[in-house]
Every structure is written in structure tokens, then in C-alpha cells.
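In what follows, a structure is listed as C-alpha cells, so that the remarks can point back to it.
Note that ligands are numbered from 1 as they come in the structure, with each ligand's atoms numbered from 1 the same way. Since the structure is predicted, the reported quantities are computational estimates derived from the model, not experimental observations.
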Amino acid sequence: MPEEAKRRSAYEVAKAQFLEAAKHLNLPEDIQEFLLTPKRELIVHFPVIMDDGRLRMFTGYRVHHSTVKGPTKGGIRYHPSVNLDEIRALAMWMTWKCALMDLPYGGAKGGVAVDPSSLSEGELKRLTRRYAAEISILLGPERDIPAPDVGTNPRIMGWIMDTYSIHKGYSVPAVVTGKPISIGGSKGRIDATGLGVMYTTRETLHRKGIHLHEVTVAVQGFGNVGSIAAMAMHREGAKIVAVSDVHGGVYNPNGLDPFDLKRHVDQAGTVATYPLGDPITNRELLTMDVDVLVPAALEGVIDEELAPEVKARFIAEGANGPLTVEADKILLDKGVTIIPDILCNAGGVVVSYFEWVQDLQSFFWTEDEIRRQLKRIMLTNFDAVWDQALVKNVDLRTAAYTLAISRVAEALEARGVYP
Ligand code: NAD
């Protein structure tokens with residue numbers, strides 16, 4: 001059997017994580033099945049006129065995993081490997097992440113199987129507008145609110161907001177978050193996920209009597225999450241010794257300046273050519289002898305083959321689902337502390353929630369207010385997860401899942417089953 005086929009899909013990982021956590025809850029099997037099953041799944045095949053005048057077909061998805069706690073929330077991914085199973089997994093993770101942060105949302109995710117870097121600006125715009133129109137039957141500020149994810153950005157969110165608004169006949173800023181500030185985006189949104197990664201890492205280290213300024217860090221992925229997390233940790237005194245992206249990585253035992261690295265990436269398009277360090281591969285980065293490893297690229301990057309070689313004592317999951325179930329077990333057995341994605345990278349959805357609230361009220365908060373509320377929500381729920389781990393004598397992922405799942409189950413109990 002080919003390697004790829006043997007590997008569990010992200011959806012199988014998400015289901016396995018749910019079932020592991022469910023063992024620690026008294027949930028009847030029928031309720032477990034309800035909570036595991038995506039509520040609705042839309043697949044769209046749609047045409048885009050390319051710059052050469054030819055028509056090309058694309059496939060997109062939008063999955064609502066759960067609407068129990070409110071309208072659905074979740075990003076839109078543009079990546080060649082996007083498929084239904086991946087989107088299902090990401091939608092389910094959003095349900096637990098929103099519940100863990102106590103936000104009034106269910107989980108969703110969407111995506112298009114495309115390499116956005118292969119498209120011209122005009123092609124990207126036409127693809128986005130057509131995809132937004134195709135999935136608009138599911139969207140709405142009170143129904144489903146997308147946000148950026150891998151391969152998408154505020155500009156793309158602006159086009160989605162505009163497309164939806166044109167079809168409605170009036171402006172609907174609250175239909176999407178992560179937009180440019182000029183059309184109802186929130187201050188602090190771009191930094192939110194990376195800052196949250198820093199807060200949860202700093203807090204975890206503190207509980208073990210360690211300070212961020214005492215540790216070395218390796219970051220995989222230097223996009224929105226990885227770059228901001230690296231900068232936030234660097235500002236707190238951590239030594240960022242290695243960073244990588246899809247083209248490769250760079251290592252400097254004396255520490256890299258992520259702000260300078262960002263300037264380089266803005267010009268060169270990759271960290272791999274940064275001159276103030278030695279080139280390394282992604283594999284070398286993931287198995288590097290550092291205190292903290294921050295996988296902030298894609299899911300499944302650490303599997304059972306790589307896990308035994310991982311030397312970091314702490315893993316902060318900036319990405320969604322970066323560890324396979326098998327890798328998770330191997331690393332826990334080795335005594336590694338893993339800050340789970342639904343806690344670690346939840347800062348983005350928290351500030352997305354603030355953006356939605358501000359849009360609905362047409363009243364905008366200051367950046368200080370946003371930072372203060374983000375920190376409060378992240379630390380409150382960090383404490384809840386830490387306490388749950390102690391009470392149930394489980395790892396942080398199981399603690400986060402049990403908390404999140406029980407919050408959704410409680411909401412389901414309160415709503416009942418129709419009819
Ligand atoms: P991004 O597109 O801004 O950056 C992704 C980075 O990963 C880039 O540096 C890219 O080069 C790198 N990358 C891609 N494929 C790679 C590979 N095979 N090997 C090594 N590096 C690779 O995306 P992002 O928004 O930073 O998201 C990264 C992860 O964080 C994803 O798992 C996403 O779901 C998750 N996440 C993002 C947010 C957010 O607010 N953006 C919130 C929560 C979780």
C-alpha cells in the first residue's frame with residue numbers, strides 16, 4: 001500500500017481525537033455520533049475564465065460541522081491538496097475551538113483546491129468571487145462567517161465581503177472576518193493567532209517554572225501564524241534559532257531576528273535564502289534540539305516515523321492538527337508537553353469574534369481593548385484546560401477536548417433534538 005494511503009486522513013485524526021476525549025466523558029453513544037457527524041457539506045465545481053481566455057474548472061468546499069452553539073465560523077483555505085476529508089476535519093476542529101473559547105459559534109471550514117501563487121491577481125479575484133457566490137447559499141452574518149486560512153488573506157476576505165454584499169444589494173461587513181480595516185475589519189486581527197500562540201506557550205512554560213527568555217524555539221511555517229508567533233516570542237526574549245517555510249529553512253544557533261527575517265521574506269518570498277544563518281530542511285527543523293517547537297504550517301507534519309526523533313520538550317501547535325494520533329502518543333510517552341491546536345491557535349477566532357461583534361454593532365474598539373480582551377479570554381480558558389488536565393489526570397489535548405465537547409453537549413441538551 002502506498003505511504004499516503006496508509007496514513008490516516010486529517011478527518012480520521014479528528015475523529016480519533018474526539019473518541020479519545022469521549023472516553024473521559026459520560027456521553028451516550030448516540031450523542032457521540034451526533035457530535036461527530038458534520039451537519040452539512042457543500043461541494044462546488046465552478047468555472048473561472050483564465051487570463052488566456054480559456055475556461056478552467058475548480059473544486060471548492062464548505063462544511064458546517066456543528067450549529068449547536070450558534071452560527072458557524074471557520075476559515076477558507078486555498079491549497080492544492082484541499083479535499084473534503086481535510087475540510088471536514090478542519091470544520092470539526094473549529095467546533096471544539098470555538099466551544100473551548102466559549103464563543104457563541106459552531107464550526108465550519110471551506111477551501112478551494114488551487115495553488116494561489118500560480119494565479120494572476122485577476123484570476124485570483126475571479127476565482128474568489130465565483131467561489132464566494134457558489135457557497136453564498138450557506139453564508140450570512142447569522143449563519144456562517146468565513147475567515148482567512150492557509151493561502152488566503154484580508155484582501156481575499158474583502159472580495160468575499162463585496163461579492164456577498166453585491167448580491168444582497170447592501171453592505172454586509174459581518175459576513176466575513178479578517179477583512180481590511182477600511183471595510184469593517186478589526187484592529188489586532190492579523191496578530192491575534194500568533195499572539196495567542198505566544199500567550200499559551202508563555203503560560204505553559206510558567207507552570208513548569210520556565211520563562212520564555214530562557215528558551216530556544218524552532219518555528220515551522222513563516223506565514224501569518226508562524227511569523228507573528230516568532231516575533232511575539234522574540235519580543236519576550238526567546239531565542240528563535242530556526243525557521244522554515246515550504247521552500248526550506250534557516251538555522252542560527254545565536255538566534256534569528258524574526259523582524260529582519262520578515263523583511264527578507266517580503267522581498268525574497270522565502271526564509272530559505274536568508275543570509276544570516278545556515279540552510280536546513282523542514283525535517284531538520286522539526287527534529288532540532290530546541291526547547292520549544294512551533295509547527296505553524298500544515299497538518300500531519302509530525303508522524304509516527306518522525307516523532308521518535310523530535311527533541312523539543314514543548315510543542316506549541318500553531319497549525320491545526322500538525323501531529324498525527326500516533327505521533328501524539330509517542331511524544332506524550334516521551335514526556336513532551338503539547339499545547340493543543342484548539343487552545344494554542346485560538347487567538348485568531350477570538351479576535352474574529354470581536355470583529356463580528358463590532359460589525360454587527362457598527363462600533364469599533366481600540367487595539368488596546370482588543371488585546372486586553374484577547375488575553376483575558378485566552379488565559380481564562382488556558383486556566384480551565386490546565387485545571388481540567390489536573391482534575392482528570394490527562395494531557396492538555398484531552399483536557400481541552402473534554403472541556404469543549406462537554407460545552408457543546410450541554411448546549412445540545414438545552415436545545416433538544418427536533419422534532
Ligand atoms: P499562511 O499561508 O500565512 O502560512 C503558511 C506557512 O506555511 C507559509 O510560510 C508556507 O510557506 C508554509 N508551508 C506551507 N506548506 C509547507 C510545507 N509543506 N512545509 C513547510 N512549510 C510549509 O497560513 P497561516 O494562516 O499562517 O496558517 C498556518 C496554520 O495555522 C494552518 O494550519 C492554519 O489552519 C492554522 N491557523 C491559522 C490561523 C490564522 O489566523 N491564520 C488561525 C488558526 C490556525
Side-chain angles (χ1 to χ4, degrees), residues 10 13-14 73-82 86-87 89-94 96-98 100-101 107 109-111 115-117 146-157 177-179 185-186 188-197 200 218-231 242-250 258 261-262 264-266 268-274 280-286 294-302 306 316-323 339-353 355 374 378:
V13 172
K73 190 90 193 75
I76 288 177
R77 176 173 292 195
Y78 287 174
H79 193 276
S81 68
V82 160
E86 180 187 60
I87 298 295
L90 291 161
M92 194 192 308
W93 284 325
M94 283 307 296
W96 313 135
K97 194 183 297 183
C98 292
L100 187 64
M101 292 296 116
K109 205 80 179 190
D115 174 2
S117 67
D149 189 69
V150 175
T152 61
N153 54 33
R155 201 167 47 130
I156 291 175
M157 297 306 114
T177 60
K179 305 175 287 297
S186 178
R189 172 63 183 88
I190 287 171
D191 292 355
T193 307
L195 262 184
V197 171
T200 52
V219 183
Q220 185 196 35
F222 203 67
N224 176 267
V225 180
S227 67
I228 305 282
M231 291 181 211
V243 171
S244 70
D245 62 25
V246 68
H247 304 290
V250 58
L261 200 49
K262 177 78 173 65
H264 175 82
V265 171
D266 287 345
T270 175
V271 299
T273 53
Y274 188 63
I280 47 160
T281 63
N282 268 284
R283 190 188 174 89
E284 284 167 336
L285 179 136
L286 293 171
V294 185
L298 289 178
E299 57 270 4
V301 292
I302 302 176
L306 200 77
E317 293 188 334
N320 288 310
L323 311 189
I339 312 167
D341 47 9
I342 61 169
L343 174 66
C344 189
N345 69 33
V349 74
V350 171
V351 176
S352 271
Y353 165 64
E355 180 174 333
L374 168 66
M378 297 254 4

Requested in this report: State whether E299 and R77 are salt-bridged, where the test is any N-O pair (Lys NZ or Arg NE/NH1/NH2 against Asp/Glu carboxylate O) under 4.0 Å.
Outcome: yes
Check this for me: does any side-chain nitrogen of one of E355 and K179 sit under 4.0 Å from a carboxylate oxygen of the other? yes
With backbone taken as N, CA, C and O and side chain as the heavy atoms from C-beta onward, which portion of [X] lies under 4.0 Å from ligand 1: side chain, backbone, both, or neither?
{"X": "E299", "result": "neither"}
{"X": "H247", "result": "neither"}
{"X": "A296", "result": "backbone"}
{"X": "N282", "result": "side chain"}
{"X": "M94", "result": "neither"}

Could you check if a side-chain atom of [X] sits within less than 4.5 angstrom of a side-chain atom of [Y], using non-hydrogen atoms only?
{"X": "E284", "Y": "S244", "result": "no"}
{"X": "V349", "Y": "C98", "result": "yes"}
{"X": "Y274", "Y": "V243", "result": "no"}
{"X": "T177", "Y": "K73", "result": "yes"}
{"X": "M157", "Y": "T152", "result": "yes"}
{"X": "K109", "Y": "N320", "result": "yes"}

Could you tell me the residue and atom name of the protein heavy atom closest to [atom], and the distance to it rounded to 0.1 Å?
{"atom": "atom 39 (C) of ligand 1", "value": "T193 OG1, 3.5 Å"}
{"atom": "atom 43 (C) of ligand 1", "value": "N345 O, 3.5 Å"}
{"atom": "atom 3 (O) of ligand 1", "value": "N224 N, 2.9 Å"}
{"atom": "atom 15 (N) of ligand 1", "value": "L298 CD1, 3.6 Å"}
{"atom": "atom 35 (C) of ligand 1", "value": "N320 ND2, 3.7 Å"}
{"atom": "atom 27 (O) of ligand 1", "value": "V150 CG2, 3.6 Å"}

* Could you tell me whether a side-chain N or O of Q220 sits under 3.5 Å from a main-chain N or O of P295, the two making a donor and an acceptor? => no
CA sep, side-chain torsions, deciding dist, call: W96, D341, side-chain contact (heavy atoms from CB on, under 4.5 Å): CA-CA 10 Å; W96 313 135; D341 47 9; over 6 Å; no
Going by heavy atoms, is [X] under 4.0 Å from ligand 1?
{"X": "H79", "answer": "no"}
{"X": "S244", "answer": "no"}
{"X": "R77", "answer": "yes"}

Check: [X] N/O within less than 3.5 Å of ligand 1 N/O:
{"X": "D149", "value": "yes"}
{"X": "V225", "value": "yes"}
{"X": "A297", "value": "yes"}

Return the option from [options] holding the heavy atom at the smallest distance from [atom].
{"atom": "atom 6 (C) of ligand 1", "options": "G74, G223, G249", "answer": "G223"}
{"atom": "atom 9 (O) of ligand 1", "options": "W93, Y78, F222", "answer": "F222"}
{"atom": "atom 12 (C) of ligand 1", "options": "V246, I190, V219", "answer": "V246"}

Contact atoms of ligand 1, heavy-atom distance to [X] under 4.0 Å:
{"X": "Q220", "answer": "19 (N), 20 (C)"}
{"X": "G318", "answer": "30 (O), 35 (C), 44 (C)"}
{"X": "A319", "answer": "29 (C), 30 (O), 32 (O), 35 (C)"}
{"X": "G151", "answer": "2 (O)"}
{"X": "R189", "answer": "40 (O)"}

dist I76:CD1 -> N153:CG (nearest 0.5 Å) comes out at 11.5 Å
- Item | Within 6.0 angstrom of L298 CG, more than 12 heavy atoms from elsewhere | yes
**Report entry** Candidate pair H79 and V82, rule side-chain contact (heavy atoms from CB on, under 4.5 Å), full reasoning
**Finding:** CA-CA 6 Å; H79 193 276; V82 160; 4.0 Å; yes
Note: I87 and G111 closest approach over all heavy atoms is CD1-N, 3.9 Å
Notebook entry, point to check: Does the pair E317 and N345 meet the rule for a side-chain contact (heavy atoms from CB on, under 4.5 Å), with working shown?
Noted result: CA-CA 7 Å; E317 293 188 334; N345 69 33; 5.6 Å; no
